[in-house]
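Input: a single structure, listed below in structure tokens.
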Amino acid sequence: MDISRLEKISDFEWRIAPRQGMQVPGILYADEALIRGMDDKVYEQICNVAKLPGIVTASYAMPDAHWGYGFPIGGVAAFDADRGGVVSAGGVGFDISCGVRTLHTGLSAETIRGCASTLADALYQAIPAGVGSTGALRLGSAEMDAMLLGGAQWAVDRGYGEAEDLAHIEEAGRIPGAQPDCVSRQAKERQRDEVGTLGSGNHYLEVQEVAEIYYPEAAERFGLRQGAAVVTIHCGSRGLGHQIGTEFLKEMVAGAAGFGLTLPDRELACAPIHSPLGQRYLGAMRAAMNCALANRQVLTHLTRQAFAGVLPEARLTLLYDVSHNTCKVEEHTVGGQKKRLYVHRKGATRAFGPGHPELPEAFRAIGQPVLIGGSMGTSSYILVGTERGAAAAFASACHGAGRAMSRHQATRQWHGRELIDQLARQGILVRSPSLRGIAEEAPGAYKDVSAVVDAADRAGLARKVARLAPLICIKG
DNA sequence: ATGTGC
């Protein structure tokens with residue numbers, strides 16, 4: 001991206017002044033090196049989003065922003081329903097409610113190293129992974145609807161996990177307003193045997209070591225101690241979310257003219273929040289959010305079972321679960337006034353600051369855990385929402401490293417087998433059904449997650465708490 | 001991301 005087109009606010013905040021139909025400015029949080037590495041398309045997409053009806057304050061991009069469908073991945077935009085605001089399927093993304101959950105294990109990384117290979121095999125056997133992977137559950141139509149309404153609460157009610165898990169999930173594990181009736185038969189069909197599966201692409205389950213602590217007070221509140229082992233699960237709503245995204249995108253493209261919307265880019269297809277199509281999308285999307293929460297909850301149960309077979313002394317408790325592909329109704333202050341807004345976060349993590357009423361009691365005084373997944377073989381980070389961040393980008397932060405290279409390019413540059421051997425020499429055990437998938441996910445195909453996280457920290461979006469280093473990686 | 005796709 002040509003940095004001369006941006007107005008510098010600070011070393012980590014850059015502004016695009018409104019022009020050519022932009023209702024609000026664009027704001028990009030990143031350092032110079034990250035901005036120079038971004039595609040010009042990201043600039044274009046930030047500007048295009050700023051042209052959508054009802055957008056408030058600014059069209060934001062996080063430090064890991066890259067070119068996406070319509071909206072940039074790493075984009076945040078909020079809309080006021082009463083001022084013609086829209087909801088956009090492309091503003092949420094295909095993998096609805098893709099997100100990250102991190103669990104304590106009650107064990108040290110040293111203990112894990114003592115049986116890493118056995119544990120890796122046990123996890124790989126317990127966790128269905130890969131394209132089209134299926135799980136042990138088969139949902140009939142009534143159970144499907146119950147899952148889509150109940151999210152992680154549905155899973156816990158059926159014995160997958162513990163009641164205490166729920167308090168440590170966004171919205172207590174169940175997104176209200178889901179409408180299974182708005183989810184197509186085909187979407188449900190695709191999901192029938194995919195609950196409790198990891199999927200493919202950048203999804204993973206990792207056992208990690210707490211390698212570094214930056215903010216001891218927050219780490220203490222989060223129960224993170226240096227040298228401890230944690231488990232992180234990164235996945236989403238599988239075939240169901242993808243099908244919903246695909247169908248509504250098409251419907252929104254077809255419906256745009258009927259709503260009198262002239263879109264700067266066909267891919268920005270959207271519908272007024274106060275329209276039957278907008279409402280149907282929200283109902284279906286919320287059902288997909290519950291699907292993702294149920295999925296991560298069942299995977300947690302399978303993880304506990306795998307640990308129990310190898311390390312019976314393990315006690316897996318949930319630190320937090322937060323999504324990074326969502327549209328959520330939240331209260332934010334705009335021009336000194338409190339407003340209920342439809343906040344799209346596409347590849348951006350919610351990062352509520354201290355005192356937010358929606359946070360579980362354990363974190364209310366310190367702020368929300370912000371879980372940032374790295375690429376395979378590299379570090380992940382835990383940050384905490386801050387007061388300053390709550391006033392910027394509607395309380396959002398980055399979500400990961402962000403791709404630096406296409407999947408195709410990566411497969412030409414790396415070989416799965418060599419990467420697995422190389423990582424094993426670094427003490428990182430990778431298990432995956434797909435060598436091609438491994439090559440596509442080569443660490444070198446991603447941006448430096450540390451630079452991304454530093455930029456988010458320095459921009460004040462969230463504050464660094466701890467770095468997690470991978471020990472075992474189950475890759476889809 | 002995805003029953004990966006012109």
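Letters go in sequence order (proteins before strands), and every chain restarts at 1. Hydrogens, waters and symmetry mates play no part in the numbers below; they use all other heavy atoms, side chains included.
One can place OH of A:Tyr69 at 14 Å from C1' of B:dT2, the figure rounded to the nearest angstrom. At whole-Å resolution of the value, CZ in A:Phe248 and C1' in B:dT2 are 18 Å apart. Taking atom CD of residue A:Glu247 and atom P of nucleotide B:dT2, one finds them 16 Å apart after rounding to whole Å. The interatomic distance linking A:Ile96 (CD1) with B:dT2 (C1') rounds to 12 Å, in whole Å. Note: CG (A:Asn295) to C1' (B:dT2) measures 14 Å, nearest angstrom. Nucleotide B:dT2 holds its P atom 12 Å from the CZ atom of A:Phe94, rounded to whole Å.
Between A:Thr246 and B:dT2 there is no side-chain N or O to OP1 or OP2 distance below 4.0 Å.
Looking at A:Val76 and A:Val343, their side chains come closer than 4.5 Å, going by heavy atoms from C-beta outward. In this structure, A:Leu198 and A:Asn295 have side chains that are not in contact, with every pair of non-hydrogen atoms separated by 4.5 Å or more.
Listed by first and then second residue, the salt bridge (Lys or Arg N to Asp or Glu O under 4.0 Å) pairs that reach into residues 285-306 of chain A are A:Glu162-A:Arg304, A:Asp165-A:Arg304, A:Arg296-A:Asp321, sequence neighbours excluded. Pairs passing the salt bridge (Lys or Arg N to Asp or Glu O under 4.0 Å) check and including a residue from residues 56-67 of chain A, sequence neighbours excluded, do not occur. Residue pairs meeting the side-chain hydrogen bond (donor to acceptor under 3.5 Å, both in side chains) criterion with at least one partner in residues 369-382 of chain A, sequence neighbours excluded, are A:Gln208-A:Ser380, A:Ser375-A:Thr378, A:Ser379-A:Arg467, A:Tyr381-A:Ser450. Judged as a ring pair (Phe, Tyr, Trp, His ring centres under 6.0 Å), the pairs with a partner in residues 184-205 of chain A (not counting sequence neighbours) are, in order, A:His203-A:His234, A:Tyr204-A:His234.
At the heavy-atom level, A:Gly201 lies under 4.0 Å from the strands shown only through sugar-phosphate atoms. Residue contacts for A:Ser200: at a heavy-atom cut-off of 4.0 Å it reaches a base atom on one of the strands shown. Nucleic acid contact class of A:Gly199 (heavy atoms, under 4.0 Å, all strands): sugar-phosphate only. Residue A:Glu194 is classed as a sugar-phosphate contact, given heavy-atom separations below 4.0 Å to backbone atoms only.
For the contact set between residues 133-147 of chain A and DNA chain B, defined by any heavy atom under 4.0 Å, there are no members. Contacts between residues 403-418 of chain A and DNA chain B, defined by a heavy-atom separation below 4.0 Å, involve A:Arg407, listed by number.
Between A:His66 and A:His399, the angle of the ring planes stays under 30°, which puts this pair in the parallel group of the 30/60° scheme.
Considering A:Ile474, A:Thr105, A:Val298, A:Ile233 as possible partners of A:Thr303, the one that fulfils the side-chain contact (heavy atoms from CB on, under 4.5 Å) test is A:Ile233.
Taking the charged nitrogens against the carboxylate oxygens, A:Arg192 and A:Glu189 do have a contact shorter than 4.0 Å, which makes a salt bridge.
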